[in-house]
Amino acid sequence: MDLLDLIDAAQSVADGLLFGSTYALLGIGFTLIFGVMHKINLSYAAASIGAAYGSLLLLSGFTAAPAVIVFMAAALCGGVIGALVYFIGFKFIPVANPLATLMSTVGLLLLIDEIIVHTTEGVPLAYPALYSDVVVRLGQFMLRGDLMFVFVLGCACMVLFLLLLYRTRLGIATRAVSQQPIASQLCGISILQVNVLTFVVTGMLGGIAGAMSGAAIGMLSPLLAQPLTVKGLIVTVIGGLGSIPGAIIAGLIVGALESLFQFLRGVTERDLYIMMLLFAFLVFRPGGIFAKAPGRD
Amino acid sequence: MDFYLGLAQVIGVHTLLGLSAYCVLLTGQVSLAQAAFFAVGAYVAAILTVIFKWHLFAALGVSAVVSGLTACAVGFPALRVKGLMLVVATLAFGEAVRLFFFNFTYQIQAGELKIGPHGAEGFRQIRYFPEHGWSTFDVLMFIWLMVAIVMACLWWLDQSRAGAVMRAVGEDEVAAHSSGINVTAVKVLAMTIGGVIAGIGGGIFAHYTTHIEHVQFGVILATFAIAYPILGGLSNVFGTLLAVIFIQGFLIEGLRFLGDWRNLLFGALIVLAMNLRPRGFLDAGGVASLKRMLFAGKESSGA
C-alpha cells in the first residue's frame with residue numbers, strides 16, 4: 001500500500017469518526033433505557049428516524065428553516081414519540097415479563113416504520129444538509145463541513161446530557177432508579193415520573209441523532225431504521241451495557257471502522273467485520289470497553 | 001384453491017421456524033439467530049439436491065445436522081452472556097450469516113446454464129419438487145407431516161424430565177443451578193435442538209420457494225421466529241401454531257383487502273396483543289380453562 005492509499009484510508013477513518021457520533025447518541029439512548037428499565041427498547045432507532053421525519057412535517061410550512069430550528073424540532077418530536085412509546089409499549093405490561101415488552105417494542109418498530117412509509121408513500125425525502133458547501137482542508141486531508149457539524153452537534157449533546165445526568169436532581173433520581181428501584185421509591189422518587197422523563201430525554205437525543213444521520217446522508221428513508229437499530233445495539237454492547245462513556249467511545253470506533261472496512265473491502269462485506277468485532281468483544285471482553293475487573297460466576 | 005394450499009405451506013414452514021425459537025425460549029433465552037439457522041438449512045439442503053443430486057430426505061437430514069452443529073457452536077460463546085447481550089450477539093450472528101450468503105458464490109456448469117448460489121442474486125433453479133413429480137398437495141402433506149412429527153417430539157419433550165429441566169432453567173437460572181442442573185449444557189442443548197428444527201424448516205423452505213436469496217433471512221424473519229412463540233404463549237407447542245396461523249393467515253393474508261392499511265395494523269395489533277395478553281394467547285391459565293371446558297362432562301375433578 002503506497003502513501004496515496006494510506007491517505008485515502010485515513011480520510012475514510014476521519015469521515016467515519018465524524019459520522020460515528022450518530023451511533024454514539026443512539027448507543028447512549030439504548031444504554032440509558034436499559035439502565036433504568038432493565039428492558040430493551042427495540043423501537044428506539046425507528047423512533048429517531050420518525051422524529052427526523054416529524055421535524056420535516058413540522059417545518060413543512062416554512063421554506064428554508066434555519067439549522068437550529070430543524071434540529072430543535074427533531075428533538076421535540078423525539079421527546080413526544082419517546083413518551084408515546086413508553087405509554088404504549090411499556091406502561092401496561094407487567095414488569096416481570098421482559099419477553100412481552102421486547103415483542104411490543106418490535107411491534108412499535110414495525111408500526112413506526114409503516115407510518116413513515118404510509119405518509120411518505122415510501123419515497124425517500126431530502127433532508128437539509130447543513131454546511132455541505134464548507135470543506136476544511138488540512139494538508140492532504142479534507143473534512144466535510146456537514147460531517148463536522150454533525151460531529152460537533154453530537155459532542156455538544158453528549159456534554160449537555162452528561163451534565164443533566166450528573167449535575168441535576170433529575171439525573172440523580174434517574175441514576176437512583178437504575179441502581180435500586182425500590183430504595184429510590186422509598187426515598188420519595190416517583191418511578192413513573194423518572195421512567196417517562198427518561199424516555200422523553202432519550203427520545204430527544206434520538207431525535208437529534210435521527211436528524212443528524214439525515215443531515216449527514218442528505219436524505220431520510222424508512223430503510224435507515226433497521227441498520228441504525230443494529231448498529232445502535234452493537235455500540236451499546238461494545239461500550240458495555242449501562243456505560244455512557246463506553247457508548248460514546250464505541251460509537252466513534254464503530255463509525256470509524258465501518259468506514260475503513262468499506263474503503264478496504266467494499267460495501268457488501270463492511271458489516272461482516274463489524275459483527276466479528278462484536279463477537280471478539282463478547283468473547284474476550286463481555287463487559288464492554290470500560291469493564292471493571294472481570295468477576296467470576 | 002392453489003392459493004390456500006400455498007398459504008398452508010407457508011404456515012407449515014413458519015411453524016417449524018417458530019418451534020425452533022420456542023425450544024430456545026423455554027430455557028429463557030431470546031435468540032435472534034433462528035433465521036440464520038434457517039438460512040444455513042436452506043442453502044445446505046438446496047446445494048445438496050441441486051448440485052450433488054441427492055435425495056431430498058438425505059439432504060434434509062444433512063441440513064438438520066449442519067444447522068444443529070452451527071447452533072451448538074454459536075451456543076457456547078453466545079450463552080456466556082444473557083439478556084440484551086444475548087439478543088445482540090445472536091442478532092449479530094444472524095446478520096453475519098446473512099452477509100456471508102450475500103457474498104457466497106458457488107456455481108457449477110450444468111448444460112446451458114450455471115446453477116448454484118450466486119451472491120446477491122441468490123440461488124435459483126431449486127426444482128426438486130417439479131422434477132420429481134411432486135404435486136403441490138404432496139408437498140403440503142410432506143410439510144405438515146414434518147410439522148406433526150416435530151410438534152409431537154417437542155410435546156413429548158415437554159412432558160418428559162428434560163422439558164421440566166429446560167423450564168426450570170428458564171424460570172430461575174440460579175435455583176436450577178443450585179439444584180444440580182448443568183445450566184450451560186441445557187441451554188446449548190436447547191439451542192442445538194432449535195438449530196436442528198430450523199435446519200429442517202429451512203431445507204423445506206428452499207425447495208418449495210425454488211429461489212432463495214440473502215434478504216429473505218434478515219432481521220425481520222428472525223423477529224418473526226421469536227414473535228410466534230411469544231405471541232402464542234410458552235405453555236405448550238400449540239400456542240406457536242396458533243400464533244403462526246394468526247400472523248400468516250389472518251394478519252398477512254386475511255387483511256389483504258385493507259391494502260396499504262394492513263401493514264399499519266400489523267405492528268399495532270402486535271402491540272395490542274402484548275398489552276392485553278402479556279403471557280401469550282395460550283398461557284397456563286388459558287390452557288387450564290380450555291381443559292375444563294373440553295373435559296367438563298367427562299371428569300369433573302380431574303383437569
Side-chain angles (χ1 to χ4, degrees), chain A residues 30-31 34 38-40 42-43 88-89 91-94 96-115 117-118 121 226-227 229-230 232-238 241 265-266 268-279 281-283 286-288 297, chain B residues 25 28 30 32 74 76-78 80-89 91-100 102-103 119-120 170 173-174 177 214 218-220 223-224 226-227 229-231 233-234 260-280:
Chain A
F30 276 114
T31 273
F34 187 81
H38 297 281
K39 281 177 185 160
I40 315 163
L42 283 179
S43 66
I88 298 171
K91 176 79 178 66
F92 300 106
I93 294 177
N97 215 329
L99 285 183
T101 7
L102 180 76
M103 214 57 244
S104 70
T105 55
V106 168
L108 278 171
L109 190 160
L110 298 174
L111 182 63
I112 294 171
D113 246 17
E114 284 305 328
I115 291 176
V117 172
H118 198 81
E121 289 165 350
Q226 193 186 320
T229 308
V230 176
L233 285 171
I234 288 176
V235 165
T236 314
V237 169
I238 290 181
L241 264 188
R265 304 287 309 174
T268 58
E269 287 183 31
R270 177 185 86 179
D271 289 347
L272 206 52
Y273 298 101
I274 301 292
M275 306 298 173
M276 285 180 190
L277 178 76
L278 174 80
F279 263 100
F281 263 94
L282 281 173
V283 173
D297 56 22
Chain B
L25 278 167
V30 179
L32 284 178
V74 175
F76 277 107
R80 285 166 50 118
V81 294
K82 36 186 148 174
L84 174 64
M85 307 285 263
L86 182 71
V87 174
V88 179
L91 177 73
F93 173 76
E95 280 293 275
V97 168
R98 184 181 70 78
L99 289 166
F100 170 77
F102 184 36
N103 292 296
E173 217 170 280
V174 180
H177 192 77
H214 71 103
V219 181
I220 294 294
T223 324
F224 269 60
I226 60 162
I230 295 179
L231 264 178
L234 288 174
D260 231 16
W261 293 94
R262 179 190 59 148
N263 291 336
L264 277 173
L265 209 58
F266 184 79
L269 277 177
I270 289 182
V271 177
L272 188 69
M274 267 8 268
N275 271 299
L276 293 179
R277 287 198 80 80
R279 299 192 73 88

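Naming: A, B, ... by sequence-line order, numbering from 1 per chain. Since this is a predicted model, take the numbers as computed values, not measurements.
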Need one label for [X]: side chain, backbone, both or neither, based on atoms under 4.5 Å from any heavy atom in chain A.
X        : result
B:Val87  : side chain
B:Leu25  : side chain
B:Leu234 : side chain
B:Val88  : both
B:Arg279 : both

Pick from [options]: which one has the most heavy-atom pairs with chain B under 4.5 Å?
options                               : result
A:His118, A:Lys39, A:His38, A:Lys91   : A:His118
A:Ile274, A:Ile115, A:Leu108, A:Ile40 : A:Ile40
A:Leu110, A:Leu111, A:Leu282          : A:Leu111

Who among [options] has the most heavy-atom pairs with chain A under 4.5 Å?
options                               : value
B:Ala268, B:Gly218, B:Gly28           : B:Ala268
B:Ala96, B:Ala273, B:Gly280           : B:Ala96
B:Leu91, B:Leu265, B:Val219, B:Leu272 : B:Val219

For the atom pair [atom1] ([X]) and [atom2] ([Y]), what is the distance rounded to the nearest 0.5 Å?
X        : Y        : atom1 : atom2 : result
B:Thr223 : A:Leu42  : OG1   : CG    : 8.0 Å
B:Leu231 : A:Leu99  : CG    : CG    : 11.0 Å
B:Glu95  : A:Met275 : CD    : CE    : 5.0 Å

Problem set entry | Derivation and outcome, side chain to side chain contact (heavy atoms under 4.5 Å, CB included), residues B:Ile220 and A:Gln226 | CA-CA 9 Å; B:Ile220 294 294; A:Gln226 193 186 320; 4.3 Å; yes
Problem set entry | Per-residue contact mode, A:Phe92 against chain B (heavy atom under 4.5 angstrom) | both
Exercise. Looking at residues at least two apart in the chain, or sitting in another chain, which of them share a ring pair (Phe, Tyr, Trp, His ring centres under 6.0 Å) with B:His177?
Worked result: none
What are the two closest heavy atoms between [X] and [Y], and how far apart are they?
X        : Y        : answer
A:Ile93  : B:Pro278 : CG2-CB, 4.3 Å
A:Leu278 : B:Ala92  : CD2-CB, 3.1 Å
A:Ala100 : B:Met274 : O-CG, 3.4 Å

For this session: Quick one: do A:Leu102 and B:Ile226 satisfy side chain to side chain contact (heavy atoms under 4.5 Å, CB included)? Show the steps, please.
Result: CA-CA 10 Å; A:Leu102 180 76; B:Ile226 60 162; 4.0 Å; yes
For this session: Without swapping roles, check the side chain of B:Asn275 against the backbone of A:Ile88 for a donor-acceptor pair under 3.5 Å.
Result: yes
